[in-house]
Peer 1: 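Have a look at this one.
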Amino acid sequence: MALSGLAIYKMLPQTNCKECGFPTCLAFSMKLAARQVELSACPHVSEETKTQLDSASAPPIRLISLGKDGHKLEVGNETVIFRHEKTFYHQPGLIYRLADSLDDQEFTHRLDQVADYGVERVGMDLRPDGVAVQDSSGSADTFAARVGQVAGKGLAIILMSSDPATMEAGLKAAQGKEPLIYAADSGNWQPMADLAKKYGAPLAVLGAGGDLEALAALAEQVAGYGVENLVLDPGARGWSDSLGALTRMRRAAIKKNFRPLGYPVITFPGEGSEDPREEAMLASQFIDRYASLIVMDDFEPAALYSLLTLRQNIYTDPQKPIQVTPGLYEIGDPKGDSPLLVTTNFSLTYFSVAGEVEGSGRPAWLLVADSEGMSVLTAWAAGKFDAERIAKAVKAAEVPDKISHKSIVIPGFVASISGDLEEELAGWQILVGPREAIGIPSYLRQLAKG
Amino acid sequence: MSVAMPNVNETWTGKILEVTLGAGPDKGGTRGKTVTVGGETTLPFLHFEGEIPNKPVVAVEVRDRAPDDWSELLVKAWGDSLKDPAAWAAKAEGLGAEIIALSLDSAHPERGNTGAKEARETVRQVLKATSLPLIIYGPGQPDKDNEVLVAAAEEAAGERVALGNCEEKNYRTVVAAALANNQVVIAKTPIDVNLAKQLNVLIGDMRLDRDRILIDPTTGALGYGLEYTYSVMERVRLAALTGDSALQQPLIVTAGYEAWRAKEARTNDGVPTQWGDWAKRAVLWEANTAVTLLETGADILVLRHPETIPLVKRAIAGLMTRAGA
Ligand code: B12
Ligand code: SF4
């Protein structure tokens, strides 16, 4: 259980020396209880107190990592139920399951599909995170060979087998890659936990049919045995059962500080759906609602791209829209007479527009006005993207020094500001562009024709 | 060994109101089917904690004028029915729609500038062509909205249609039309809990029954502001369940409209190969926008593509299945 401020206070020196930056030890304790400061800020706590407090102030959901170094996937360590309370921190890993029984060609092909997939969105590089190798051949050698093949790819790895001997063969083949062992159940937990210890690997604990008390009991047993890097699978599948189980687990961990369920959760949308499209939709639920690892069966770029986008959406900090630096951007080596367009500094807006300008193959200047990270209409409605601001941006970026003409294309959605802008930018021609960025290439083509 | 699980159930004091759309002959209308949404006493689909007496439903968008800016995929999927709102509505009903969301788009000054007379005619025909309840949207231009929504409300008197959008700038007219003809209104505000609340209070001051209001919190599409809608809907629902009576109405979202504005759904021109097959991507874009909105409290989802309808209904069926059942 988390300690109250008062309980922490009793363990502190109570000298009010202020070295922690707080006026009293009590004030510091309160902040500590609220997890707003680190214990290390007080230089005077004894080693014994430190150990006690460290375990009490551990995050309600343990941080677990798969893989190492450059390819580390970290999940867990969430602190809220709703993202508006603060933010969600560690986006769920998207993992693709491959059966070891696939023939060589098929296995290699599917593995490459996952390993080679990468897409840029809003200036970020988005990719799936790893592969789960499923023992379906029943042969430890085959399993190990497939794992070995995956191990060279720089992906997070999940080893799936209920047989400890096969699991060990897989662990040997993935030596040094810190794969997740899936899974310890009530029957095999001890040998699986031994393997987790021996290979320093995290371990998934599998419950049955969403029975959370049984799952908690098993997790506690395994943790008590000395394996604390756990991931939980409540065994619930499908839409409402999963939602119920994951919600209760999240609440127990965060609101009740219930340790036995304070671990990341792994899900299998393919096992709860009838076809690939439903699998992708169920995976959306898991991104929205509390999954830390999502193991997919069907690799479909269209579905993957929508899931990567959703994950990017849900895991942005609600207090801080992703922004780009205001200023004058060059797209495709523009000259003095290339067209000038203006937009806002909300990343999504900027990249939508920049992408279309680039795609048009026509060099252009893109002026990014400081709209405090808001989209065109939001900023316009909030008074952060009006004629005055745009005129200011033109001056701040020293546009007239770089561009030989005096015309500027504004977004179609704010056509209504052109009059005001004509006044602010005396002698300029204000052109109203299309509403959606998608219309920019053909607009630029028209513009060039004159 | 046994570990007692702490009780994590919340005790909510509030309840979402039940709102019914459509009226059959017994209630002064002509609808063969009516729809009731709302009534939840817990967060979306948490059956372990409270009651979810009514499932969310799918409304399908029908326009009184063939859209000229819709994605090729939508145009192909609906075919000739796009030219005739009655045929379109009938087709949508056949495909599983539970409500027809009729847009009187041709009234827009730039898209035909039709008036009250044409609006009445369209409403009459669509009512005849379908047994489903209607939502009726104006063209989104204040003067014309007032003109055609009032006409539509009169034409559909007794049918308990939902009139939209009822916004800060036009709520008096729309609410008056709803009061006079026994209709429901869609109160729309731009993704902000306080604005949603304020508008509901203003509508309440005009003495429209509380169960004649739906809240449209404004939808962002997947990749285009969805996360903001997600959080605002959660906050609206939390406020409602903790007792804020001005936010206790069911939520309606325009997932189709928003998703099909997104480049990912609209087009395949010059898009990266990683985006995958266009048709699959586009339908999933709409369906996955819908899933996230369902998770955060949508009671009515207005959709566009025929293939999205069964997908979203399948998700709803899955979410409405009680654990263990
Ligand atoms: C997410 C969102 C928000 C978020 C902010 C997100 C952000 N960082 O900007 C939040 C919740 C904070 C918000 C707040 C508000 N919002 Co807001 N918001 C939206 C929403 C849902 C999506 C906006 C978005 O992200 N669009 C995606 C981006 C990429 O679009 P975009 O910037 O317009 O860019 C596109 C085009 O404009 C074009 N383009 C861009 N630049 C250029 C340049 C050129 C040259 C060209 C040719 C084209 C072009 O390309 C892009 C892609 O096509 C919209 C409704 C909707 N569904 O669109 C409402 C909306 C924009 N908001 C609106 C309003 C009124 C507000 C508020 C004033 C409400 C309030 N609470 O008081 C506040 C204002 C902010 C404040 N006071 O703090 C209204 C604006 C009404 C209007 N027509 O003027 C909208 C349209 C909702 C509505 N229907 O009423 N909002
Ligand atoms: S530094 Fe430690 S001892 Fe000094 S006031 Fe802060 S908490 Fe108390």
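As the structure is a prediction and not an experimental result, all values here were calculated from the model. Each chain gets a letter, A, B and so on, in the order the sequences are listed, and its residues count up from 1.
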Peer 1: Do you know the tightest heavy-atom contact between B:Leu311 and A:Met281?
Peer 2: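 The pair with the smallest heavy-atom distance is O-CE, 3.4 Å.
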Peer 1: Out of A:Ile438, A:Leu308, A:Val119, return the one with the most heavy atom pairs under 4.5 angstrom to chain B.
Peer 2: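 Most pairs with chain B among the choices: A:Ile438.
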Peer 1: Among A:Lys255, A:Glu356, A:Arg121, who wins on heavy-atom pairs under 4.5 Å with chain B?
Peer 2: A:Arg121
Peer 1: So how far is it from A:Leu310 CG to B:Glu227 CD, rounded to the nearest 0.5 Å?
Peer 2: 9.5 Å
Peer 1: Any idea which of B:Asn288, B:Leu284, B:Thr296 has the most non-hydrogen atom pairs under 4.5 angstrom with chain A?
Peer 2: B:Asn288
Peer 1: Is the backbone N or O of B:Thr321 less than 3.5 Å from a side-chain atom of A:Ser240, with the two atoms forming a donor-acceptor pair by type?
Peer 2: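 Looks like yes, one N/O pair under 3.5 Å.
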Peer 1: Identify which part of A:Tyr117 has an atom lying under 4.5 Å from any heavy atom of chain B, answering side chain, backbone, both or neither.
Peer 2: side chain
Peer 1: Evaluate whether atom CH2 of B:Trp12 has more than 12 neighbouring non-hydrogen atoms of other residues, nucleotides or ligands under 6.0 angstrom away.
Peer 2: yes
Peer 1: Given heavy-atom pairs under 4.5 angstrom as the criterion, report whether the side chain, backbone, both or neither of B:Trp275 touches chain A.
Peer 2: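 For B:Trp275, heavy atoms of backbone and side chain both lie under 4.5 Å from chain A.
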Peer 1: Using non-hydrogen atoms only, which part of B:Thr289 is less than 4.5 Å away from chain A: side chain, backbone, both, or neither?
Peer 2: neither
Peer 1: What are the two closest non-hydrogen atoms of B:Glu234 and A:His84, and how far apart are they?
Peer 2: OE1-ND1, 3.9 Å
Peer 1: Of the non-hydrogen atoms in B:Val291 and A:Ser284, which two are nearest, and what is the gap between them?
Peer 2: CG1-CB, 3.9 Å
Peer 1: Which atoms of A:Tyr315 come close to chain B, meaning under 4.5 Å heavy atom to heavy atom: side chain ones, backbone ones, both, or neither?
Peer 2: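 Contact with chain B is absent: no heavy atom of A:Tyr315 under 4.5 Å.
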Peer 1: If we only count heavy atoms from C-beta on, is the B:Glu295 to A:Trp239 side-chain gap below 4.5 Å?
Peer 2: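 Side chain of B:Glu295 against side chain of A:Trp239, heavy atoms only: contact under 4.5 Å found.
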Peer 1: Which atoms of B:Glu264 come close to chain A, meaning under 4.5 Å heavy atom to heavy atom: side chain ones, backbone ones, both, or neither?
Peer 2: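 Interface part for B:Glu264: side chain.
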Peer 1: Taking CD in A:Glu85 as the centre, count heavy atoms belonging to other residues, nucleotides or ligands within less than 6.0 Å. Is the count above 12?
Peer 2: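 Above 12, so yes.
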Peer 1: Please flag which part of B:Val232 lies under 4.5 Å from any non-hydrogen atom of chain A: side chain, backbone, both or neither.
Peer 2: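 For B:Val232, no heavy atom lies under 4.5 Å from chain A.
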Peer 1: What part of B:Asn7 gets closer than 4.5 Å to chain A, counting heavy atoms only: side chain, backbone, both or neither?
Peer 2: backbone
Peer 1: Taking atom CD of B:Glu110 as the centre, does the number of heavy atoms from other residues, nucleotides or ligands within less than 6.0 Å exceed 12?
Peer 2: no
Peer 1: Above 12 or not: heavy atoms from other molecules or residues under 6.0 Å from NZ of B:Lys197?
Peer 2: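 It does not: B:Lys197 NZ has 12 such atoms or fewer within range.
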Peer 1: Chain B heavy atoms under 4.5 Å from A:Pro321: which part of the residue, side chain, backbone, both or neither?
Peer 2: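 Both backbone and side chain.
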Peer 1: If you tally heavy-atom pairs under 4.5 Å against chain B, which of A:Asp288, A:Leu243, A:Thr309 wins?
Peer 2: A:Asp288
Peer 1: Does a salt bridge link B:Glu49 with A:Arg248, judged by any charged N lying under 4.0 Å from a carboxylate O?
Peer 2: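 A:Arg248 and B:Glu49: not salt-bridged.
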Peer 1: For A:Ser352, is it the side chain, the backbone, both or neither that has a heavy atom under 4.5 Å from a heavy atom of chain B?
Peer 2: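 Contact with chain B is through the side chain of A:Ser352 alone.
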Peer 1: At a 4.5 Å cut-off on heavy atoms, which part of A:Thr247 comes close to chain B: side chain, backbone, both, or neither?
Peer 2: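 Side chain only.
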Peer 1: Can you give me the closest heavy-atom contact between A:Asn313 and B:Gly223, atom names plus distance?
Peer 2: OD1-N, 2.8 Å
Peer 1: Side chain, backbone, both or neither: which part of B:Pro190 has a non-hydrogen atom closer than 4.5 Å to chain A?
Peer 2: neither
Peer 1: Nearest heavy-atom pair of B:Gly276 and A:Pro301: which atoms, and what distance?
Peer 2: CA-CB, 3.8 Å
Peer 1: What I want to find out is whether A:Arg277 reaches B:Glu307 closely enough, with some N-O distance under 4.0 Å, to be called a salt bridge.
Peer 2: yes
Peer 1: Which region of A:Ser375, side chain (C-beta onward) or backbone (N, CA, C, O), has a non-hydrogen atom less than 4.5 Å from a non-hydrogen atom of chain B, or is it both or neither?
Peer 2: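 It is neither, since no heavy atom gets under 4.5 Å.
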Peer 1: So for B:Leu43, is it side chain, backbone, both, or neither that comes closer than 4.5 Å to the heavy atoms of chain A?
Peer 2: side chain
Peer 1: Using non-hydrogen atoms only, which part of A:Leu348 is less than 4.5 Å away from chain B: side chain, backbone, both, or neither?
Peer 2: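 Interface part for A:Leu348: side chain.
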Peer 1: What part of B:Tyr230 gets closer than 4.5 Å to chain A, counting heavy atoms only: side chain, backbone, both or neither?
Peer 2: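 Interface part for B:Tyr230: side chain.
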Peer 1: Counting only non-hydrogen atoms closer than 4.5 Å, does B:Leu238 touch chain A with its backbone (N, CA, C, O), its side chain (CB onward), both, or neither?
Peer 2: side chain
Peer 1: Could you tell me the separation between the CG atom of A:Asp241 and the CZ atom of B:Phe48, rounded to the nearest 0.5 Å?
Peer 2: 11.5 Å
Peer 1: So for atom CD, which belongs to B:Glu168, do other residues, nucleotides or ligands contribute more than 12 heavy atoms lying within a distance under 6.0 Å?
Peer 2: no
Peer 1: Between A:Thr378, A:Leu307, A:Asp275, which residue shows the highest count of heavy-atom pairs closer than 4.5 Å to chain B?
Peer 2: A:Asp275
Peer 1: If you count the non-hydrogen atoms of other residues, nucleotides and ligands that lie under 6.0 Å from CD in B:Glu72, is the total more than 12?
Peer 2: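 No, because the 6.0 Å sphere around CD of B:Glu72 holds 12 heavy atoms or fewer from other groups.
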Peer 1: Please determine whether a side-chain nitrogen of the Lys or Arg among A:Glu279 and B:Arg314 lies less than 4.0 Å from a carboxylate oxygen of the Asp or Glu.
Peer 2: no
Peer 1: Working to the nearest 0.5 angstrom, can you tell me the gap between A:Gln285 CD and B:Leu294 CG?
Peer 2: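 Atom-to-atom, A:Gln285:CD and B:Leu294:CG are 9.5 Å apart.
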Peer 1: Between A:Glu436 and B:Lys263, is the closest basic N to carboxylate O distance under 4.0 Å?
Peer 2: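 A salt bridge is absent here (no side-chain N lies under 4.0 Å from a carboxylate O).
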Peer 1: Would you say the side-chain atoms of B:Gln274 and A:Tyr305 include a donor-acceptor pair closer than 3.5 Å?
Peer 2: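 The criterion, which ignores hydrogens and geometry beyond distance, is not satisfied for A:Tyr305 and B:Gln274.
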Peer 1: Return yes if some donor-acceptor pair links the side-chain N/O of A:Glu213 with the main-chain N/O of B:Ala4 below 3.5 Å, else return no.
Peer 2: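 No; zero donor-acceptor contacts below 3.5 Å.
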Peer 1: Is A:Leu215 close to chain B through its backbone or its side chain, or both, or neither, when contacts mean heavy atoms under 4.5 Å?
Peer 2: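 A:Leu215 has no heavy atom closer than 4.5 Å to chain B.
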Peer 1: For chain A, which of B:Tyr228, B:Tyr224, B:Phe45 has the most heavy-atom pairs under 4.5 Å?
Peer 2: B:Tyr224
Peer 1: Verify whether one side chain among B:Ser231 and A:Arg83 offers a donor that lies under 3.5 Å from an acceptor in the other.
Peer 2: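 Note: B:Ser231 and A:Arg83 side chains meet the donor-acceptor criterion.
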